[in-house]
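Data first, discussion second: the structure below is written as structure tokens.
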Amino acid sequence: MNISAIKEKFLQLFGTDCALYTSPGRINLIGEHTDYNGGFVFPGAVDKAIVAAIHPNGTERIRLWAIDMEEGCEFGLEEGDKPTKGWACYVFGVVREIAKRGGKVGGFDAVFGGDVPLGAGMSSSAALESTFAYALNDLFGLGIESFELALIGQATEHNYCGVNCGIMDQFASVHGKAGYLMRLDCRSLEYEYFPFDPTKEGYRLLLINSKVKHELVGSPYNDRRKSCERVAAALGRDLLRGVTMEELDGLKDSISDEDYRRARYVVGEEQRVLDVCAALEEGNLELVGQRMYQTHWGMSKDYEVSCPELDYLVEIAEHVGVSGARIMGGGFGGCTINLVREELYGEFIDKATSLFEERYGHKPEVIPVVISDGARKL
Ligand code: GLA
């Protein structure tokens with residue numbers, strides 16, 4: 001990413017010094033659509049991030065420039081000042097959520113850009129929220145603790161961007177640590193770092209971006225969440241976390257088939273995360289991979305958040321003998337995450353690229369990932 005271009009643009013537009021902050025996108029090894037159900041997730045931050053140059057300007061106005069879109073936006077600090085540009089709402093939301101928690105943020109100037117692919121299921125929006133939440137906390141000396149910064153990003157999505165997301169993405173973006181995945185219990189909010197270096201065992205992790213753009217705003221994402229809430233309520237629970245398959249089956253005739261299948265996916269996924277953590281501790285990456293495939297087909301057939309392009313990428317992976325592959329993130333497009341044995345790496349990339357292009361007329365993008373640090377000042 002071109003950090004000096006961001007600094008130069010800042011100087012050109014605002015003519016002052018600035019501080020630089022960054023926060024990354026994320027992968028998630030397993031545990032998808034479990035966060036808002038109070039279950040487990042297993043994400044890690046990656047080496048693709050948003051970077052922002054920021055400086056308080058002593059006024060009550062925020063002036064932003066998005067370098068990748070070559071577009072600016074100016075707005076005030078009050079609730080009625082919500083900008084019309086979608087991307088600016090992420091920053092506005094962070095400012096408002098800080099204010100709601102009693103934090104005093106003044107006006108500032110900022111230029112930002114990044115290399116988290118948009119709409120690829122790698123949480124570019126969480127990276128943006130976390131960059132600003134972290135930066136404003138630091139610059140205005142607010143003393144907000146790190147988990148609350150993640151909650152500020154999540155509340156921004158809920159209240160200013162129309163996505164009732166869980167906490168995984170913002171949590172991973174803020175708390176990421178190079179070389180570690182994190183298992184977060186989304187009910188207790190306790191988390192643990194797991195060392196993760198598949199190369200030691202002869203594997204590599206890579207993402208393949210179908211380039212089908214996913215759009216979670218005002219989307220079926222919120223409907224999935226409602227299905228889960230209906231089933232939990234029918235069981236007299238707040239969350240699906242801890243519900244057993246037997247309990248769910250007992251309810252089968254009194255809920256819709258769609259709600260039943262969605263809940264079945266979530267209940268299965270809770271166990272799969274635990275299986276994967278145990279398998280990692282034993283160095284059994286083949287079992288990790290098997291659970292990834294199960295997650296994929298659950299997300300595709302039961303949760304119905306896949307698409308033909310992603311199913312095809314997973315079928316190619318199965319065909320080549322890749323250890324694990326699945327859709328990653330909210331779904332409806334974006335990337336697959338693949339756990340590939342070293343000796344199959346080249347062959348898989350070749351086959352995935354050529355077969356996919358043959359069928360869909362465009363090449364998917366191959367994205368190797370490195371597990372990296374979370375939000376920080378540069
Ligand atoms: C999106 C949301 C997350 C999570 C995932 C699915 O990325 O922002 O909170 O629900 O989808 O696991």
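Hydrogens, waters and symmetry mates are skipped; everything else that's a heavy atom, side chains included, is used. Just follow the structure's listing: the first ligand is 1, and inside any ligand the first atom is 1.
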* Atom indices of ligand 1, in the order listed, that fall short of 4.0 Å to a heavy atom of Y36 -> 10 (O)

* Asked: What distance separates I62 CD1 from N57 CG, expressed to the nearest 0.5 Å?
  -> 8.5 Å

* **Euclidean distance, E157 CD relative to S125 OG, rounded to 0.5 Å** => 4.0 Å

* To do: Could you list which atoms of ligand 1 come closer than 4.0 Å to a heavy atom of M168?
  => 4 (C), 5 (C), 12 (O)

* Could you verify whether a donor N or O on one side chain and an acceptor N or O on the other, from E269 and T295, lie under 3.5 Å apart? => yes

* Give a yes-or-no answer on whether the side chains of E70 and W65 include a donor-acceptor pair shorter than 3.5 Å. => no

* Does the N or O separation between I167 and ligand 1 drop below 3.5 Å for any pair? -> no

* Asked: Does R26 have a non-hydrogen atom less than 4.0 Å from ligand 1?
  -> yes

* Asked: Any chance the rings of Y191 and H175 have centres within less than 6.0 Å?
  -> yes

* Asked: For I367 and P117, which heavy atoms make the closest approach, and how far apart are they?
  -> CD1-CG, 4.0 Å

* To do: Flag S123 as yes when one of its N or O atoms lies below 3.5 Å from any N or O atom of ligand 1, and as no otherwise.
  => no

* Within the structure, does C165 bring an N/O atom to less than 3.5 angstrom of an N/O atom in ligand 1? -> no

* Asked: Are any of the N/O atoms in N28 less than 3.5 Å from those in ligand 1?
  -> no

* Which of the numbered atoms in ligand 1 are below 4.0 angstrom from a heavy atom of G166? -> 9 (O)

* Report yes if the distance between the aromatic ring centroids of F108 and H55 is under 6.0 Å, otherwise no. => no

* Asked: Can you tell which part of R225 has a heavy atom less than 4.0 Å from ligand 1: side chain, backbone, both or neither?
  -> neither

* To do: Could you list which atoms of ligand 1 come closer than 4.0 Å to a heavy atom of G329?
  => 6 (C), 11 (O)

* To do: Verify the ring-centre separation between F332 and Y221: is it less than 6.0 angstrom?
  => no

* To do: Kindly say whether the aromatic ring centers of F92 and Y160 come within a distance under 6.0 Å.
  => yes

* Structure fact -> Here the atoms of ligand 1 under 4.0 Å from any heavy atom belonging to Y221 are 1 (C), 2 (C), 3 (C), 4 (C), 9 (O), 10 (O), 11 (O)

* Which of the atoms of ligand 1 are close to D35, meaning less than 4.0 Å from one of its heavy atoms? -> 3 (C), 4 (C), 9 (O), 10 (O)

* Polar proximity ligand 1 side, D169 side, N/O cut 3.5 Å exclusive -> yes

